Amino acid sequence: VNAIKLAEDMAQPENSKDGGAQKPSLEENMAEAESYEGDPLECPCIAHMKEGPCGDKFIVAYKCFLDSKEEEKGSDCLDSFRAMQQCFAENPEHYKEFLGGDEEEDADEEEKAKKQRE
């Protein structure tokens with residue numbers, strides 16, 4: 001099992017509100033960071049992943065992936081990616097874009113929040 005694929009499966013990005021265009025996925029952000037000239041952990045493309053309450057778990061998982069020598073890169077990092085995804089799920093206010101979810105459910109939640117503000 002590919003660690004990035006596991007993380008991607010566990011955290012499907014939502015469609016953005018601008019006409020359904022896809023936000024960069026976790027896999028795309030990590031691939032961009034890996035090809036970044038300099039330290040991949042300094043790539044602006046993953047800065048938002050390092051912020052918030054799960055930043056330390058993201059860094060551990062991503063460093064493990066970068067350092068992986070396994071034939072299937074990152075297959076030795078599954079526990080780290082699971083811990084990261086669990087943290088994301090526990091902190092949706094910071095990592096909503098990386099959490100899967102039913103768009104109808106999201107719309108219902110937004111409608112409820114709007115009514116509460118009125």
Side-chain angles (χ1 to χ4, degrees):
V1 175
N2 182 320
I4 299 297
K5 181 68 175 140
L6 171 70
E8 193 70 15
D9 288 347
M10 294 174 76
Q12 292 296 319
E14 299 177 6
N15 285 340
S16 67
K17 307 295 182 223
D18 62 351
Q22 287 284 329
K23 293 180 181 179
S25 68
L26 178 64
E27 186 174 29
E28 290 167 337
N29 283 335
M30 290 177 65
E32 183 179 343
E34 192 174 7
S35 65
Y36 181 71
E37 291 189 27
D39 183 353
L41 285 168
E42 297 304 317
C43 181
C45 61
I46 59 168
H48 60 289
M49 302 291 292
K50 298 187 314 181
E51 296 170 0
C54 302
D56 58 334
K57 289 181 176 33
F58 170 76
I59 291 169
V60 167
Y62 191 51
K63 282 185 86 162
C64 180
F65 175 79
L66 290 172
D67 295 338
S68 179
K69 303 290 186 227
E70 296 296 313
E71 185 173 327
E72 188 169 345
K73 188 168 180 106
S75 63
D76 51 339
C77 304
L78 297 179
D79 289 339
S80 297
F81 275 96
R82 285 187 184 113
M84 177 189 76
Q85 289 302 322
Q86 178 66 37
C87 187
F88 283 9
E90 292 170 358
N91 295 281
E93 66 279 6
H94 294 282
Y95 303 99
K96 183 178 180 182
E97 68 198 75
F98 297 104
L99 298 172
D102 188 290
E103 287 181 29
E104 247 179 64
E105 247 179 59
D106 291 344
D108 289 345
E109 286 177 27
E110 286 177 23
E111 186 65 30
K112 286 179 191 174
K114 185 178 178 183
K115 285 181 182 179
Q116 286 177 349
R117 289 189 296 255
E118 294 174 351

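If you're wondering where the values come from, they're calculated on a predicted model, not measured in any experiment.
Under the rule for a side chain to side chain contact (heavy atoms under 4.5 Å, CB included), the partners of Asn91 that lie at least two apart in sequence or sit in another chain are Pro53, Cys54, Cys87, Glu93, His94, Tyr95.
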Which atom pairs, one a donor and one an acceptor, fall under 3.5 Å between side chains of residues 63-70 and the rest of the protein, sequence neighbours left out?
residue, atom, partner, partner atom, Å
Ser68, OG, Glu70, N, 3.4
Ser68, OG, Gly74, N, 2.9
Ser68, OG, Asp76, OD1, 2.7

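In this structure, CE on Met49 lies 12.0 Å from SG on Cys43, to the nearest 0.5 angstrom. Once rounded to the nearest 0.5 Å, the distance linking NZ of Lys57 with CD of Gln86 reads 10.0 Å. Annotation: the span from Phe58 atom CZ to Phe81 atom CZ amounts to 7.5 Å, rounded to 0.5 Å.
Between Leu41 and Ile46, the shortest heavy-atom distance links the atoms CA-CD1, 3.9 Å. In plain terms, the two heavy atoms of Pro92 and Glu90 that are nearest each other are CD-C, 3.4 Å.
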